[in-house]
Amino acid sequence: MSEITKLEDSKLSKKFFERETHKVCRDLLGKYLVFQNRDNFKIGRIVEVEAYQGFEDKASHASKKKTSRNEVMYGAGGYYYIYLIYGMYYCLNIVTEKESYPAAILIRAIEPTYDFTRDLDKMSVKEKRVLGSGPGRLCRWLDIDKSFNGVSVEGEGLYVTPNIVRTNVRTRSTESFSAEASKNNRCEIVTSKRVGVDYAGESANNEWRYYDVTSSYITKK
DNA sequence: GTGCGGATTAGCT
DNA sequence: GCTAATCCGCACG
């Protein structure tokens with residue numbers, strides 16, 4: 001029998017993110033992003049991410065110089081980097097690696113698995129895709145904005161847990177089980193070029209997008 | 001101060 | 001497939 005734990009107690013620490021970026025990308029797939037505040041409690045399974053890493057990556061905001069916008073990327077791993085794109089959508093990144101090496105992982109798609117204010121069980125895959133498939137959409141669903149920029153992953157409002165999350169929509173309760181105890185959390189990880197970075201010259205050819213090819217919630221095959 | 005363009009999305013052809 | 005929407009960071013002057 002798997003061990004039931006309080007969800008907050010199983011959240012990933014900064015240490016998890018202070019590692020080599022591509023390794024963290026692979027390890028993040030299949031884990032759960034949790035958003036919670038007084039009025040909301042929402043969970044999604046991470047199924048698609050992209051790495052933006054180092055000084056040579058022309059697709060990365062940190063390829064030029066350190067500015068007030070990208071400075072979080074230069075800091076230690078384990079903090080959120082949020083930016084506004086096209087004047088309309090926020091994008092959620094988690095900074096990786098050690099201090100002064102700029103790197104972050106863009107969360108591109110999550111599969112909604114719980115929402116205190118919605119009955120996800122009654123939604124079609126198509127409807128759920130609109131909530132969590134795409135970096136702009138998932139931030140809109142989770143109410144993530146610039147206020148999370150520079151915030152630690154060890155905070156209360158937004159965190160990642162490796163545990164399987166079981167929810168009961170009727171009673172609005174959740175339980176978490178250790179990932180090792182479950183056989184339902186398999187990922188088939190595939191890499192590709194990153195989306196929307198054609199302007200980045202040679203860097204655009206890097207296959208730094210990682211996704212679970214078995215998921216119906218990825219942005220593209 | 002001005003101008004450009006983007007780690008996107010929705011809606012239409 | 002094409003393009004409008006809509007803001008701000010950043011380079012240049």
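None of the values given here were measured: they were computed from a predicted structure.
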Report task. State which of B:dT9, B:dT8, C:dC10 makes the closest approach to the side chain of A:Val195. Result -> B:dT8

Report task. Indicate, with a heavy-atom threshold strictly under 4.0 Å, whether A:Arg194 touches base, sugar-phosphate, or nothing. Result -> nothing

Query raised in the report: Is any side-chain N or O of A:Thr67 closer than 4.0 Å to OP1 or OP2 of C:dG9?
Result: no

Query raised in the report: Below 6.0 angstrom between ring centroids: does that apply to A:Phe41 and A:Phe35?
Result: no

Query - Residue whose nearest DNA chain C nucleotide is more 5′ - A:Lys146 or A:Met88 - result: A:Met88

Query raised in the report: Looking at B:dT8, C:dC7, B:dT9, which one has an atom nearest to any side-chain atom of A:Leu84?
Result: C:dC7

Report task. Please state how far atom CD1 in A:Ile107 lies from atom C1' in B:dT8, giving the value in whole angstrom units. Result -> 16 Å

Query raised in the report: Considering only side-chain heavy atoms of A:Lys65, which listed nucleotide, C:dA11, C:dC10, B:dA10, is closest?
Result: C:dA11

Query raised in the report: Under the criteria of a ring-centre distance below 5.5 Å and an interplanar angle below 30°, is A:Tyr86 stacked with the base of B:dT8?
Result: yes

Requested in this report: Could you state the atom-to-atom distance from CG of A:Asp198 to C1' of B:dT8 in whole Å?
Outcome: 14 Å

Query raised in the report: Between the side chains of A:Thr219 and A:Glu48, does any donor sit under 3.5 Å from an acceptor?
Result: yes

Query raised in the report: Taking only residues two or more places apart in sequence, or in another chain, which ones meet A:Lys15 in a salt bridge (charged side-chain N to carboxylate O under 4.0 Å, His left out)?
Result: none

Query raised in the report: Nearest of B:dG6, B:dT9, C:dA11 to any side-chain atom of A:Ile85?
Result: B:dG6

Requested in this report: Could you give the distance separating B:dG5 and C:dT3 at their P atoms, to the nearest angstrom?
Outcome: 16 Å

Query raised in the report: Applying the side-chain hydrogen bond (donor to acceptor under 3.5 Å, both in side chains) test to A:Ser192, which of A:Glu207, A:Lys221, A:Glu50, A:Arg209 qualifies?
Result: A:Arg209

**Report entry** Flag for A:Lys220-A:Tyr211: side-chain donor and acceptor within less than 3.5 Å
**Finding:** no

Query raised in the report: Does C:dA11 have a Watson-Crick or wobble mate here (both distances under 3.5 Å), and if so which one?
Result: B:dT2

Query raised in the report: Tell me: CH2 of A:Trp141 to P of B:dT9, nearest whole Å?
Result: 15 Å

Query raised in the report: For the pair made of NE2 in A:His61 and P in B:dG6, what is the distance, rounded to whole Å?
Result: 10 Å

Query - Length of the CD1-C1' vector between A:Ile144 and B:dT8, whole Å - result: 16 Å

**Report entry** Nearest-nucleotide 5' precedence on DNA chain B, A:Val197 against A:Val130
**Finding:** A:Val197

Query raised in the report: Roughly how many Å is it from CZ in A:Arg69 to C1' in B:dG5, rounded to a whole number?
Result: 11 Å

Query raised in the report: How close or far is atom P of B:dT9 from atom OH of A:Tyr90, stated in whole angstroms?
Result: 15 Å

Requested in this report: Round to a whole Å and report the spacing from CG of A:Leu92 to C1' of B:dT8.
Outcome: 15 Å

Query raised in the report: Base, sugar-phosphate, or nothing: which does A:Arg140 touch, judged by heavy atoms less than 4.0 Å apart?
Result: sugar-phosphate

